[in-house]
Amino acid sequence: MSEKKVFTESEIALAREFCRQDFYFFVRWMFYHNKNIEWQKNGHHDIMAKAMTDVYNKKITRLVINIAPRYGKTEMVIVMFSAWCFGLSPDSEFIHASYSAQLAGENSFNVRSIITHPEYQTIFPEVTLRADSKAKDHWKTTSGGVFYSTGTGGALTGYGAGKERERFGGCILLDDLHKSDEARSDIMRNNVIEWYANTLASRVNSKDTPIVLIMQRLHEQDLAGWLLEGGAGEKWEHINIPAINPDGTALWPLKHTIEKLREMEQANPYNFSGQYLQMPSPPDGGLFRPEQLKVMEILPAERIQWVRGWDLASSTNGDYTVGAKLGRLSDGRLIIGDIVRIKVNADERDAIIQNTAEFDGKMCKISLPQDPGQAGKTQVLYLTRSLQGYRVVSSAESGNKVTRAEPFAAQVNIGNVYMLRGVWNQALINEMRMFPNGKNDDQIDALSRCFEQLLTGGMGFKISNAALERASIRNRHRF
């Protein structure tokens, strides 16, 4: 702990006046008086402070800030900002949420601690808490101000944020709504988005009540990604602050040197890319290294085992239905020969599966996924009957997507996988580069299925020259 500074009376009076006028000065002054240590200034703090000042002045009403954990975001954007706003507008109404109710409650308690601090009370004597406001997660000021905190998914019935007026009257402050170890789960991630869209976003008391989301990026389709792509039908201001500057230097050397950052990146590239670079996929390819794929212009006229693996979408609104064709040469090398990728209704999908089988020929094995339950069994039975005369196998998916993809990814990464040139190549490369944090993973799922089948149940055969020529022509001129 640093030695306590001594200020003259005139310095203190001037500082207190600055606190009322300048949010970032208030942060540094109160942080020092509350913890008896100096705030470690850095350029990214200026950026966040200016943005939050614009939020208070209602120049910004929808704001996403992406920044690494423990870079001062919660202290500044949640705790200090709320306290400063109460000082200027004691009747403000806040809703604060984080991924856990306990964490949100601790932030709420920290706001209270700032407000009840003697130095704060000297700066903002107008702000006092109601005597009956004892709850850690819900308290009020004597001027009618409210601070309510909750965890993701919590009930908000009866609570609202902001006032129906031109000047600031409160806002919604969101801090890391996704729990980092759950963000890869489609279900858990979508639960957060649905809670925001169906519950939280409606808790504003006026249309221009600000909403601020500050978080580390965890997935291409996390809440920040969804909002910035227009998922809520609104335009959001976006402040993106990676821990490594564009020139390769560290954003905050006092926190992490560039050497330490590179060490962290090497140790866990997936987490580092999202949490510290704000890119929810490592820039060098994630689990897959698609630059290791070798492109073929024409298939070799030799012994090839082919499998067409399918990944079936449950609807036409989200995922693609994908049929990937993977072959194995006699020396063990693999060839991605074709990708069918469609968003159609069930009848059109089934017709395309049958037409694709006819084109591939009866020597190409077909592998279908079987979803759990009776509906999955019925679907597989129907498709198998419609593919009578073809080599059809089916199996339930086992393990998560990453576990299923790892064996095939290993083959790609050592340069053992070739790809026949076709218009589908780039979409596959993009999906590989983003996996497992990308929006789509259907092509990877289908290829993983193919590879598993080649390893466990493939049967060798010699493909005819005519079939080779047809496949080559199809992939060069596909549309």
Student: Quick test of your reading: applying salt bridge (charged side-chain N to carboxylate O under 4.0 Å, His left out), list the pairs with at least one residue in residues 99-125, sequence neighbours left out, ordered by first then second residue.
Tutor: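 Qualifying pairs, neighbours excluded: Arg16-Glu119.
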Student: Can a donor-acceptor pair be found, under 3.5 Å and without considering hydrogens, that links the side chain of Thr249 to the backbone of Asn245?
Tutor: no
Student: Kindly assign one of parallel, tilted or perpendicular to the pair Trp29 and His33, based on the angle between their ring planes and the thresholds 30° and 60°.
Tutor: tilted
Student: So which atom in Ile444 and which in Ala405 form the shortest heavy-atom distance, rounded to 0.1 Å?
Tutor: CG2-CB, 3.8 Å
Student: Is the backbone N or O of Phe109 less than 3.5 Å from a side-chain atom of Ser113, with the two atoms forming a donor-acceptor pair by type?
Tutor: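 Between the backbone of Phe109 and the side chain of Ser113 there is a qualifying donor-acceptor contact (under 3.5 Å).
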Student: Between Asn205 and Gly160, which heavy-atom pair has the shortest distance, and what is it?
Tutor: ND2-C, 3.5 Å
Student: Are Ile95 and Leu173 close enough, and set up right, to give a side-chain contact (heavy atoms from CB on, under 4.5 Å), and what steps lead you there?
Tutor: CA-CA 6 Å; Ile95 291 176; Leu173 296 173; over 6 Å; no
Student: Would Asn66 and His238 count as a side chain to side chain donor-acceptor pair (under 3.5 Å) if you check the C-alpha gap in whole Å, the side-chain angles of each, and the deciding distance to 0.1 Å?
Tutor: CA-CA 8 Å; Asn66 294 133; His238 184 207; 2.7 Å; yes
Student: Backbone N or O of Thr142 within a donor-acceptor pair of the Thr128 side chain at under 3.5 Å?
Tutor: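 No.
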Student: I'd like to know if the side chain of Asn107 reaches the main chain of Thr74, judged simply by a donor and an acceptor atom lying under 3.5 Å from each other, with no hydrogens or angles considered.
Tutor: no
Student: Could you check whether any side-chain N or O of Ser133 sits under 3.5 Å from a backbone N or O of Leu129, counting only pairs where one atom can act as donor and the other as acceptor?
Tutor: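 Flag not set: sc Ser133 to bb Leu129 has no pair under 3.5 Å.
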Student: Please check if the side chain of Gln121 supplies one atom and the backbone of Val127 the other of a donor-acceptor pair under 3.5 Å.
Tutor: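 Flag set: sc Gln121 to bb Val127 pair under 3.5 Å.
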Student: Would you say Lys50 and Phe23 make side-chain contact, with heavy atoms under 4.5 Å?
Tutor: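 No. Closest side-chain heavy atoms not under 4.5 Å.
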Student: Is the Phe94 ring parallel, tilted or perpendicular to the Phe86 ring (thresholds 30°, 60°)?
Tutor: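 Rings of Phe94 and Phe86: tilted, as their planes differ by 30° to 60°.
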Student: Decide whether a cation-pi geometry holds between Lys294 and Tyr418; the criteria are a distance under 6.0 Å from NZ or CZ to the six-membered ring centre and an angle within 45° of the ring axis.
Tutor: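 Yes, Lys294 sits over the ring of Tyr418.
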Student: Any idea how Phe124 and Tyr120 line up, ring-wise: parallel (<30°), tilted (30 to 60°), or perpendicular (>60°)?
Tutor: tilted
Student: Tell me, please, whether Tyr24 has Arg28 positioned over its six-membered ring: NZ or CZ under 6.0 Å from the ring centre and within 45 degrees of its axis?
Tutor: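 Yes, Arg28 lies over the aromatic ring of Tyr24.
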Student: Can you check whether Pro90's main-chain N or O pairs, donor with acceptor, with Ser143's side chain at less than 3.5 Å?
Tutor: no
Student: Going by the angle between their ring planes, with limits at 30° and 60°, are His138 and Tyr148 parallel, tilted or perpendicular?
Tutor: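 Ring orientation of His138 relative to Tyr148: perpendicular.
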Student: Sort out for me which residue in Arg217, Arg184, Lys179 forms a salt bridge (Lys or Arg N to Asp or Glu O under 4.0 Å) with Asp222.
Tutor: Arg217
Student: Any idea how Trp252 and His45 line up, ring-wise: parallel (<30°), tilted (30 to 60°), or perpendicular (>60°)?
Tutor: perpendicular
Student: So which heavy atom on Gly170 is nearest to which on Pro210, and how close?
Tutor: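 So the minimum-distance heavy-atom pair works out to O-CD, 3.5 Å.
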